[in-house]
Amino acid sequence: MSQRLVLATRNQGKIIELRRILDAISQGTIELVSVDQYPDIPDVEETGSTFEENALLKAVAISNATGLPAIADDSGLCVDALGGAPGIFSARYAGKHGDDNANLNKVLVELQGVEDTKRSAHFTCVTALVMPDGRKVTKTGEFHGFIAHVPVGEHGFGYDPIFIPQGSSITSAQMSPHEKDLRSHRGISLRAIAPHVIELLGTLG
Ligand code: ITT
């Protein structure tokens, strides 16, 4: 019998990635349900000051509201030349939550004139699993690279068109979804949390 797990995000690009990576790991033993199926649940304010706090805030709220196990991630791009911004504030950075073009253009404008060797950046992702009885697990993943000068590529979402992974000459939006999953912050943290998801959901009988 498969166990239900709620994906605690309304970011459609992220839902596609979470489903793809978790489906491959769980091989049908977990029924992934999007929080979009619960339209009455209000959006969770990301008031924490770390990725981990925000991931837990989202997963706890959705697990409490649905009575089901929930998995949430909080992720973001940290640009060295901007002192780590947009970082955990990236969703609010451009003033328009969910407007990927506004977000990435703001980073490009702020990096105008910054030379290639100073355009290093990394994505961080903290994934949180929260069980209805309060048990919790969190796992982190990082993805290092550089900020491009212009957006290129159609895959992925968010800042992918301006992020060139370390050792690569293409952006993560030019990588195939599988290639991105193998290296990305989200892929790393989800593969780390997967054994705990399978174990804890297994205890629900
Ligand atoms: P939820 O809180 O509903 O999960 P969100 O869009 O607010 O979705 P985050 O706070 O986790 O997502 O992400 C902050 C920003 O970082 C947001 O603009 C994302 O699009 C971007 N981002 C996160 N992961 C990314 C990835 O793998 N590639 C490109 N951009 C990413």
Side-chain angles (χ1 to χ4, degrees), residues 6-22 32 34-36 38-39 41-62 65 70-79 82 84-108 121-130 138 140-148 151-165 168 170-191:
V6 185
L7 304 178
T9 174
R10 297 195 196 277
N11 177 327
Q12 296 306 315
K14 206 188 259 187
I15 287 175
I16 290 168
E17 278 196 12
L18 283 164
R19 272 191 183 285
R20 187 173 65 223
I21 302 169
L22 283 171
L32 299 170
S34 166
V35 73
D36 281 344
Y38 301 90
I41 299 179
D43 279 347
V44 180
E45 278 291 314
E46 295 178 17
T47 53
S49 54
T50 63
F51 291 110
E52 184 174 37
E53 280 172 24
N54 281 334
L56 281 167
L57 279 174
K58 291 187 264 190
V60 166
I62 302 300
I71 194 161
D73 87 306
D74 195 44
S75 46
L77 179 69
C78 304
V79 180
L82 302 179
I88 66 155
F89 302 109
S90 56
R92 288 166 289 218
Y93 193 61
K96 282 189 186 175
H97 188 189
D99 186 337
D100 287 348
N101 284 334
N103 286 335
L104 69 81
N105 279 324
K106 181 160 182 182
V107 171
L108 289 181
H122 69 275
F123 282 111
T124 295
C125 173
V126 178
T127 306
L129 168 71
V130 172
T138 61
T140 303
E142 290 193 354
F143 191 17
H144 289 260
F146 300 88
I147 303 301
V152 191
E154 303 295 328
H155 295 299
F157 66 99
Y159 299 104
D160 281 330
I162 60 166
F163 184 74
I164 302 173
S168 172
I170 58 174
T171 67
S172 50
Q174 290 174 288
M175 291 182 154
S176 70
H178 178 65
E179 229 179 327
K180 181 185 169 189
D181 294 348
L182 286 178
R183 298 191 54 187
S184 77
H185 48 308
R186 193 164 296 99
I188 292 167
S189 74
L190 282 175
R191 284 190 293 277

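All ligand and atom numbering here is 1-based and tracks the order in the structure.
Distance alone, capped at 3.5 Å, is enough to place a donor-acceptor pair between the K58 side chain and the D73 backbone. No donor-acceptor pair under 3.5 Å is formed between the side chain of N54 and the backbone N or O of F51. When atom types are taken as modelled, the side chain of R191 and the backbone of I21 share no donor-acceptor pair closer than 3.5 angstrom.
Scanning Q12, R186, K14 for the heavy atom closest to atom 24 (N) of ligand 1 points to R186.
Distances below 4.0 Å separate heavy atoms of K58 from the following atoms of ligand 1: 1 (P), 2 (O), 4 (O). For ligand 1, the atoms sitting less than 4.0 Å from at least one non-hydrogen atom of G158 are 20 (O), 29 (C), 30 (N), numbered in the order shown with element in parentheses. Taking every non-hydrogen atom of N103 and a distance limit under 4.0 Å, the qualifying atoms of ligand 1 come out as 18 (O). In summary, the atoms of ligand 1 found under 4.0 Å from a heavy atom of H185, numbered by their order in the structure, are 24 (N), 25 (C), 26 (C), 27 (O). Ligand 1 places these atoms under 4.0 Å from at least one heavy atom of F123: 25 (C), 28 (N), 29 (C), 30 (N), 31 (C). Interface of N11 with ligand 1, defined as ligand atoms under 4.0 Å from a residue heavy atom, comprises 3 (O), 5 (P), 6 (O), 8 (O), 20 (O). With ligand atoms numbered from 1 in the order given, ligand 1 contributes 2 (O), 7 (O), 10 (O) to contacts under 4.0 Å with heavy atoms of E46. Listed by atom number, the atoms of ligand 1 under 4.0 Å from K180 heavy atoms are 26 (C), 27 (O), 28 (N).
Two residues are said to be in side-chain contact when any heavy atoms from C-beta on lie closer than 4.5 Å; V152 and Q174 meet this criterion.
Ring pair Y159/F123 is tilted by interplanar angle, where 30° to 60° counts as tilted.
The backbone and the side chain of D74 each have at least one atom closer than 4.0 Å to an atom of ligand 1 (non-hydrogen atoms only). For F163, no heavy-atom contact with ligand 1 is shorter than 4.0 Å.
Residue H144 places its NE2 atom among more than 12 non-hydrogen atoms of other residues, nucleotides or ligands, all under 6.0 Å distant.
The N/O atoms of E17, backbone and side chain alike, include none that comes under 3.5 Å of an N/O atom in ligand 1.
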(request) Tell me, with the steps shown, if V126 and D74 meet side-chain contact (heavy atoms from CB on, under 4.5 Å). (result) CA-CA 6 Å; V126 178; D74 195 44; 5.6 Å; no
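Of the inter-residue distances, the one linking T138 atom OG1 with L56 atom CG reads 6.0 Å to the nearest 0.5 angstrom.
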